[in-house]
**Student:** 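Below: one structure in structure tokens.
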Amino acid sequence: MIFNSIIFIFFIVIVYSIYWNINNFRLGVQNFFLLTASYVFYGYWDYRFLSLIFLSTLFDFFFAIQIQKTTKIELKKLFLSLSVIFNIGVLCYFKYMGFFIESLKSTLHYFGYQSNIDFTLNVILPVGISFYTFQTMSYTIDVYRGKLKPTYDFISFAAFVSFFPQLVAGPIERATNLLPQITRKRKFNLKQSLEGFDLIIWGFFKKIVVADSLSPIVDDIFLNYQTLEGFVLFMGAIYFTIQIYCDFSGYSDIAIGLAKLLGINLMVNFNFPYFSSNISDFWKRWHISLSTWFRDYVYIPLGGSRNSLRKTLINVTIVFLVSGLWHGANWTFIAWGFFHSILYIVYSLYSKSTISIAPFRVPSWLQTSLLFVLIVFSWIIFRSENIGSAIYFVKRIFISFDFMNHLNPYNNLSSYYYSIYVILFLGLDFIQMKLNSSQKKVPQEFRIIQNIFFLTIIILFTQVDAANNFIYFQF
Amino acid sequence: MKSLVKYIFSILIISFCISEVLLRLLGGVGKPFEAVVKDGFFYNKINTDGLSVYGTFPVLIKKKYKINNEGYNSSKDYLEIDDYSKMIGLVGDSFIEGYHVDVENSIGRLIEEKCDSIFVEEYGIGGHNIHNYIESYNNNNMHLYKKVYFFIHITDFLKDVSYKSKYNRFKEKYFRPLYEASFLLQFINKNHKPFAREKKMNKQISKFTKSKVLRFLEQSKNVSFIYRDANVSDELDFIKEQIEIVDHRIKPFDYGFDQHWNDNGRQNIAIHILNNLGLIRCQNF
């Protein structure tokens, strides 16, 4: 089930009504209902993969208890390893097996060996697998580290793993934040619910009005990049930059908003990343739940920045490469991660050095703009079919730079027409950022007008035919 | 919680009202097709016209339609025929009905525009199948025409009875007045099909339909079948000889939401028919 479908509206109305009406019963009843609703939500897409979530839940529930129970450090390590191996194993099997085999074949072929590997894996990638495996893994790791006591309430734990608002595309919640909220009784809070409603509307606006409107022109430009002129390609890359942000952050906003309606606070996943002034700042604002996950469970265990500069830079590179690979089984994602690691390393070295390239202080708007352009180029790698296409795409931007117009064949609209969405969205996002950072309380009347405005636009802009899926579902 | 529900409802109602006003001001919807009921079934109301609108902002399709004296979408009325030897018939479903192009740019008009020595009549209704096509052929004396083209697809052969749009009293009595009064409802209906899930269809053609079609073809020598897609389904092997594949020399693209072509698809069909008739050197071509 996807958020931007009519069936989901029915689903949430029913779930919401029952959820708060059984609030007076035992907590277990409400959590059991939450679990059932989450399984229905996921099973609507493909019920067969519910067994995978269930297994992941069961194993980590069991391993965490064993880690807590045993006093022997070797056994603790063993149970933790089993949990990590299980989760990573499931992820590798469903997501990376084909990629690994293909890469192995190519490598053997490169070195002149004729591989006899004739094994292809035709499995569907279960939606949200990268999200919930990371979530459950963080639980056992936190229990192992003594940050968290394991729960003995299986229903609550299963509800935590499969909590439907964030099950398929995050935010990747930490057990330390979400689990305590599930294991204690929720109280209806009007302020929290209103905040949730605001976020849902804003999320839908980003997804339906901006991301889905940009989708056809992005698809067209990235499909026909070999024949298009440089400026159109650059515009296409900007459109994708906005599309992926609106698509993913839109989903996160809806998820956080829905959770708030159910009396649960999820972590913030995006904090206006395109207004960052440097790459380090960007990664503190983009997909926060994933970047902090990698920080806590990969970067710090590797040694973080406690060792030599060389080791720190290696650690940074590893984290970015793994982060790239997390997005999908393709070299483009790894290259995207590598590109970001270069940016990050260059920035880290520059910020620590006393050398200044510019003879004057670079204004923050210029820093933000420069970073934005670099991010745009990184998304070209991310969106391209393969690294060769990405290189050719970038090359064409420079060697074939021309302002020639291009019409989107699906609706005969000029490719420049879509810049309206970019300008409008960045303007609105900037206002939202200022409002969020402002200490002043936003008047209720303003919020009402804002919601009416966004909702009206959503009604009028909702895409033709069936709803578009969220991009991050594929990860 | 009551105040939250009240708040959400108020926001929704106000937004819907504003959308309705905006749509009225901006003309984001067309005029719904008028229909008449006959023997419990729906038919296009004759001699009506309007605009067919699809798409959000920006609107993707805004095309003129005209229901003629026979109930078909055509810019010309079908009057008594003097010379059948100049008559070409096009029979099909929504592709021939063609609400996705201006009625003046239908396949028939394109052919006539290129060659004024022939007259084309189009008999297309959305949802019609091979049984409807045969009925149209028989009811309109098309055996006398110079040539008749059935515009087919595998899906036209999967049912054993002709398609008829049933009259739904509840829908028509209560919903239609509301629908016609509200631009917003029309807008939503035209632009959203969130429940549209792929229907599991029987993909085999029954013996009954096969023999009916073969019998018909045996008796109707002036009929040719034109297939919509480039690849003909294997199920249609029994009429392989009669099927003509269109050379889609100009890429026909659809708008994604219903697979209907734009003008390019119709150009291709028009050229194909002119070729087939040996009229490619027709003076206006």
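Note that the structure is predicted; figures quoted are calculated from it, not measured. Every chain is numbered from 1 and lettered A, B, ... according to where its sequence line falls, protein lines coming before strand lines.
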**Student:** Is any residue of residues 8-16 of chain B within less than 4.5 Å of chain A by heavy atoms, and which ones?
**Tutor:** B:I8, B:I11, B:L12, B:I14, B:S15, B:F16
**Student:** Check whether A:D198 gets within reach of chain B through its side chain, its backbone, both or neither, counting any heavy atom under 4.5 Å.
**Tutor:** side chain
**Student:** Return the orientation label for the A:F164 and A:F41 ring planes: parallel under 30°, perpendicular over 60°, tilted otherwise.
**Tutor:** tilted
**Student:** List for me each residue that meets ring pair (Phe, Tyr, Trp, His ring centres under 6.0 Å) alongside A:F188, sequence neighbours excluded, and say none if there are none.
**Tutor:** A:W20
**Student:** Is the closest side-chain heavy-atom distance between B:I152 and B:R228 below 4.5 Å?
**Tutor:** no
**Student:** Between A:Y225 and A:F222 (judged by ring centroids, cut-off 6.0 Å), do the two rings come close enough to count as a pair?
**Tutor:** no
**Student:** Going by ring pair (Phe, Tyr, Trp, His ring centres under 6.0 Å), name the residues that satisfy it together with A:Y42, two or more places apart in sequence or in a different chain.
**Tutor:** A:W45
**Student:** When heavy-atom pairs shorter than 4.5 Å are enumerated against chain A, which of B:S3, B:C17, B:S19 gives the highest number?
**Tutor:** B:S19
**Student:** Check each atom of A:Q444 against the heavy atoms of chain B and say whether the ones under 4.5 Å are side chain, backbone, both or neither.
**Tutor:** side chain
**Student:** Taking the six-membered ring for Trp, are the ring centroids of B:Y179 and B:F175 within less than 6.0 Å of each other?
**Tutor:** yes
**Student:** Select one option (side chain, backbone, both, neither) describing which atoms of A:L261 are under 4.5 Å from chain B's heavy atoms.
**Tutor:** side chain
**Student:** Sequence neighbours left out, what passes salt bridge (charged side-chain N to carboxylate O under 4.0 Å, His left out) with B:E122? Give chain and number order.
**Tutor:** B:R109
**Student:** Evaluate salt bridge (charged side-chain N to carboxylate O under 4.0 Å, His left out) for B:D102 paired with B:K66, printing each intermediate quantity in order.
**Tutor:** CA-CA 9 Å; B:D102 270 323; B:K66 182 186 178 298; over 6 Å; no
**Student:** So what's closer than 4.5 Å to chain B heavy atoms on A:Y16: side chain, backbone, both or neither?
**Tutor:** side chain
